[in-house]
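Reminder, nothing fancy here: chain letters follow the sequence lines and each chain counts from 1. Side chains included, hydrogens not; waters and symmetry mates left out as well; all remaining heavy atoms used. Fair warning: this is a prediction, and the values are worked out from it, not measured in the lab.
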Protein chains: 2
Amino acid sequence: MAVAKKNLFTDEENRIADLAKAISHPARVSILLYLIKKNSCVCGDIVDELPLSQSTVSQHLKELKRVGILQGDIEGTRTCYCINPKVWMEMGNLFKVLTEKFKGCC
Amino acid sequence: MAVAKKNLFTDEENRIADLAKAISHPARVSILLYLIKKNSCVCGDIVDELPLSQSTVSQHLKELKRVGILQGDIEGTRTCYCINPKVWMEMGNLFKVLTEKFKGCC
DNA sequence: TTATTTAATCGTAAAAATACGATAATTAAA
DNA sequence: TTTAATTATCGTATTTTTACGATTAAATAA
């Protein structure tokens with residue numbers, strides 16, 4: 001299922017899936033938890049926190065930026081990463097709504 | 001990152017990532033929304049709801065079963081699918097906790 | 001028993017994700 | 001200006017995911 005088949009599903013289904021995909025790798029969850037723990041924009045030292053190479057971490061950061069969860073501000077030779085509160089809330093809400101839709105059945 | 005590198009991350013990170021992976025495809029989100037809408041265990045007609053072949057849908061169901069979100073009870077020649085409330089709650093909680101950990105920063 | 005129905009599994013092709021080293025680009029420091 | 005630091009991107013190998021048709025397996029119906 002490449003690009004063309006995206007419209008076989010609703011926008012909501014696609015967005016939920018896309019946000020879930022962004023956090024579907026432990027390295028990316030780890031990055032987010034680290035940013036949250038620091039409670040500030042973090043420059044650079046994310047690579048040192050992860051057991052992965054610099055280029056791989058950079059790729060994971062790119063994926064988080066792709067869906068909008070992260071924003072990266074260039075400051076000199078460094079890049080400062082922040083969680084985007086708007087998208088974070090959107091994600092939390094979509095997951096919450098999905099979760100609470102199910103009231104139990106059997 | 002195959003099997004061996006799983007222990008480079010915490011159990012929590014791995015579990016969140018694994019549950020997110022399960023809902024990281026629009027077809028699987030679609031399946032879940034359909035089951036929720038029906039508000040009962042659903043036998044068989046999931047395939048008719050999706051724009052995918054029977055074997056592909058079966059694969060997606062398998063992935064949802066793998067993480068425990070779905071259970072499938074065989075009844076004669078059919079299989080009835082239900083959301084597992086326990087795992088569903090676990091997932092909702094993990095996502096909720098993750099979401100609420102971030103209080104904003106910049 | 002012999003069909004039919006239903007769903008899982010197999011085999012496989014194509015696409016996407018993951019990981020890394022090497023390289024490039026940009027800025028700051030010497 | 002030259003060097004160092006930092007991060008993104010490139011090229012690429014490997015693994016995983018996705019998708020489908022064909023087949024198998026199991027239960028039911030004829």
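For the side chain to side chain donor-acceptor pair (under 3.5 Å) test, no residue two or more places apart in sequence or in another chain qualifies with B/Arg78. Shown here are the salt bridge (charged side-chain N to carboxylate O under 4.0 Å, His left out) partners of A/Lys37, two or more places apart in sequence or in another chain: there are none. Looking at residues two or more places apart in sequence or on another chain, you find no salt bridge (charged side-chain N to carboxylate O under 4.0 Å, His left out) involving B/Glu75. With sequence neighbours left out, B/Lys96 forms a salt bridge (charged side-chain N to carboxylate O under 4.0 Å, His left out) with B/Glu100.
Of the side-chain N and O atoms in A/Lys21, one or more sit less than 4.0 angstrom from OP1 or OP2 of C/dA17. In this model, the phosphate group of C/dT26 is not approached by any side-chain N or O of A/Arg78 to a distance below 4.0 Å at OP1 or OP2. B/His60 has no side-chain polar atom (N or O) that falls below the 4.0 Å cut-off from OP1 or OP2 of D/dT17. Remark: A/Thr79 is in phosphate contact with D/dA8, judged by side-chain N or O atoms under 4.0 Å from OP1 or OP2.
Picking from D/dT17, D/dA8, D/dC20 the nucleotide with the shortest atom distance to the side chain of A/Tyr81 gives D/dA8.
The only option from B/Ile31, B/Thr56, B/Val47 that meets the side-chain contact (heavy atoms from CB on, under 4.5 Å) definition with B/Leu61 turns out to be B/Ile31.
Distance A/Asp48 CG to D/dT7 C1': 13 Å, rounded to the nearest Å. Computed from coordinates, the A/Leu61 CG to C/dT18 P distance equals 13 Å when rounded to whole Å. Distance CD1 (B/Ile46) to P (C/dA7): 8 Å, rounded to an integer number of Å. Rounded to whole Å, the distance from CG on A/Leu50 to C1' on C/dC20 is 15 Å.
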For residues 86-93 of chain B, tabulate all N or O donor-acceptor pairs below 3.5 Å that involve a side-chain atom, not counting sequence neighbours.
unit_1	atom_1	unit_2	atom_2	d
B/Trp88	NE1	A/Thr99	O	2.8
B/Glu90	OE1	B/Arg15	NH2	2.9
B/Glu90	OE2	B/Arg15	NE	2.8

Identify all side-chain donor-acceptor contacts of residues 63-70 of chain B below 3.5 Å with residues at least two apart in sequence or on another chain.
unit_1	atom_1	unit_2	atom_2	d
B/Glu63	OE1	B/Arg66	NE	3.0
B/Glu63	OE2	B/Arg66	NH2	2.9
B/Arg66	NH1	B/Asp18	OD1	3.4
B/Arg66	NH1	B/Asp18	OD2	3.1
B/Arg66	NH2	B/Asp18	OD1	3.1

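Within the 4.5 Å cutoff, side-chain heavy atoms of A/Phe95 are placed close to those of A/Ile16. When side chains are defined from C-beta on, B/Leu94 does not count as touching B/Val97, because their heavy atoms never get closer than 4.5 Å.
Of the residues in residues 62-73 of chain A, those lying under 4.0 Å from DNA chain D by heavy-atom distance are A/Lys62, A/Lys65. At a non-hydrogen distance threshold of 4.0 Å, nothing from residues 31-39 of chain B comes into contact with DNA chain D.
The overall bend of the helix from C/dT1-D/dA30 to C/dA30-D/dT1, read as the angle between its terminal helix axes built from five base pairs each, is 10° when rounded to 10 degrees.
Screening residues 37-59 of chain A for ring-ring contact (aromatic ring centres under 6.0 Å, His included) gives no qualifying pairs among residues at least two apart or on separate chains. Residue pairs meeting the ring-ring contact (aromatic ring centres under 6.0 Å, His included) criterion with at least one member in residues 28-76 of chain B, sequence neighbours excluded: B/His25-B/His60.
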| query | Once each nucleotide of nucleotides 21-30 of chain D is scored for protein heavy atoms under 4.0 Å, what B/S/- sequence comes out, 5' to 3'? | reply | BB----SS--
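Panel note: side chain B/Glu13, backbone B/Thr10; a donor-acceptor pair is recorded below 3.5 Å. Of the possible polar contacts, one joining the B/Ser24 side chain to the B/Lys21 backbone as a donor-acceptor pair under 3.5 Å is found.
Where B/Gln59 and A/Cys80 meet DNA chain D, the nucleotide closest to each residue was compared, and A/Cys80 sits on the side nearer the 5' end.
Distance check for A/Cys80 and A/Cys43: the SG atoms are under the 2.5 Å cut-off.
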